Amino acid sequence: MNRALAELLTLPAPEVARALIGARLLVDGVGGIIVETEAYDRLDPASHSFRGPTPRNVAMFGPIGRAYVYRIYGLHWCLNIVCDAEASGSAVLIRALEPTQGMEVMHDRRGGGRHPDLCAGPGRLCQALGVNGALNGRPIDEPPFSLTLGPSEPVVSGPRIGIRHGTSTPWRFGRPGSPFLSRPFPLAAAPS
DNA sequence: GTTCCGATGTACT
DNA sequence: GTACATCGGAACG
């Protein structure tokens, strides 16, 4: 693993989630630029790791730098990257990409979704990239995955999406104004 | 534009 | 039995 990525992934999930905005994620050469992430950790009631290891979530308690892929609502797949060298049970959910490579493949897999929605949302993203349970536990920087950090850039944060607990923790991160987000971020208080 | 609903794996009460 | 880090389609306005 390259040094900058290896060092980043030792940090707590919120820091990793913020730094991954602008990184390039590919699966078998198909993917794009990460524009939206969420952080989860062991002390977070919204996290799968909150109640300890189970057969589903063991990857969250394993080595950092691995994928944690799980099925949600019995239907869709979601992709996380395990991180935090100090506290096991931490991961970053990849929620949206700006598609840049393999557009045709992604479009075919998605069955004709409109372009801005191709990878907007964790389930859609996994469908477009061909991520499924077979990739659970695989290193995020080795084939079929590749992950390359981008330059530092402005990042907005806000409440996470689709959870019932921990809703006041602003651990959703995104590229401001990106049309490829799963949802816009709440606007900061604006002057009247 | 909105709201409602069904698909159904895994964990929990 | 219920809840859930979701999505797509139907029905509505």
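Letters go in sequence order (proteins before strands), and every chain restarts at 1. Only a predicted model underlies this, so the values are computations on that prediction, with no experimental measurement involved.
- Put simply, the side chain of A/Ile161 reaches to within 4.5 Å of the side chain of A/Glu36, judged on heavy atoms.
- The closest donor-acceptor contact from the side chain of A/Arg18 to the backbone of A/Pro14 lies at 3.5 Å or more, if one exists at all.
- A/Asp141 contributes no side-chain N or O that, together with a main-chain N or O of A/Ser146, makes up a donor-acceptor pair within less than 3.5 Å.
- The partner of B/dC5 is C/dG8, by the rule that a Watson-Crick or G-U pair needs both atom distances under 3.5 Å.
- For the C1' atoms, the distance from B/dT10 to C/dG8 is 22 Å, rounded to whole Å.
- No contact: A/Arg160 has no heavy atom under 4.0 Å from any strand.
- No more than 12 heavy atoms of other residues, nucleotides or ligands sit less than 6.0 Å from atom CZ of A/Arg183.
- Taking atom CG of A/Asn57 as the reference point, atom P of B/dT10 lies 12 Å away to the nearest angstrom.
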Nucleotides 3-11 of chain C: protein proximity per nucleotide (B base, S sugar-phosphate only, - neither; heavy atom, under 4.0 Å): -BBBSS---

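- Contact check on A/Glu142 versus A/Arg138 returns no salt bridge, with no Lys/Arg side-chain nitrogen under 4.0 Å from an Asp/Glu carboxylate oxygen.
- No side-chain donor-acceptor contact under 3.5 Å links A/Arg172 to the backbone of A/Arg160.
- The gap from the P atom of C/dA5 to that of B/dT2 amounts to 23 Å, rounded to the nearest Å.
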